[in-house]
Amino acid sequence: MEITMPTLKVSGMTCGHCVAAVTRAVNTVPMVEGVKVDLERGEVMVDGHPDAAAVRTAIVDEGYEVRAAA
């Protein structure tokens with residue numbers, strides 16, 4: 001069964017390079033099975049069973065701000 005974490009709002013993404021950087025960073029987190037980044041909405045959806053704090057840290061380490069989507 002595939003689990004999706006709550007959608008994360010990520011600010012600071014402005015281009016395809018940003019999308020690639022966030023996707024690459026999140027994919028390094030253990031137990032991540034998939035990542036979808038919506039540049040227009042500034043959202044990141046993660047499938048799998050990763051540690052949520054590790055996902056947030058991976059994104060922040062790339063230079064972006066993360067908060068839970070409302």
Side-chain angles (χ1 to χ4, degrees):
M1 182 167 111
E2 195 169 288
I3 304 293
T4 301
M5 287 180 47
T7 299
L8 300 173
K9 291 295 274 184
V10 178
S11 58
M13 297 187 302
T14 59
C15 65
H17 173 76
C18 298
V19 171
V22 169
T23 300
R24 186 174 45 253
V26 173
N27 273 320
T28 67
V29 176
M31 306 290 288
V32 168
E33 295 174 7
V35 181
K36 182 172 188 276
V37 179
D38 185 328
L39 180 61
E40 271 188 37
R41 298 179 77 150
E43 294 180 346
V44 176
M45 287 79 47
V46 180
D47 294 328
H49 300 85
D51 177 68
V55 171
R56 287 182 180 88
T57 298
I59 296 169
V60 169
D61 286 351
E62 286 296 316
Y64 304 97
E65 186 177 322
V66 180
R67 66 188 193 293

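Just so we're clear, the structure is a prediction, and the values are computed from it rather than from any experiment. Positions are given from 1, in the same order as the sequence printed here.
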Locate the shortest heavy-atom distance separating Ala21 from Tyr64; write the atom from each residue and the value. CB-OH, 4.3 Å

Who are the side-chain contact (heavy atoms from CB on, under 4.5 Å) partners of Ala20, not counting sequence neighbours? Arg24

Can you name the residues that form a side-chain contact (heavy atoms from CB on, under 4.5 Å) with Thr23, not counting sequence neighbours? Val19, Asn27, Val35, Val37

Let me confirm one number: the CE-CG distance from Met13 to Asp38, rounded to the nearest 0.5 Å. 7.5 Å

Indicate the atoms forming the closest heavy-atom contact of Cys18 with Gly12, along with that distance. SG-O, 4.2 Å

Check for me, please, whether Val66 and Met31 land in the same ILVMFWY cluster - side-chain distances under 4.5 Å, paths through other members count. no

On a heavy-atom basis, which atom in Pro50 and which in Val29 lie closest, and how many Å separate them? CB-CG1, 3.9 Å

Across all chains, not counting sequence neighbours, the salt bridge (charged side-chain N to carboxylate O under 4.0 Å, His left out) partners of Arg41 are Glu43

Distance from Asp51 atom CG to Arg56 atom CZ, nearest 0.5 Å? 9.0 Å

Roughly how far, to the nearest 0.5 Å, is the CG atom of Asp47 from the CE atom of Met45? 9.0 Å

With a 4.5 Å limit on heavy-atom distance, are the side chains of Ile59 and Val26 in contact? yes

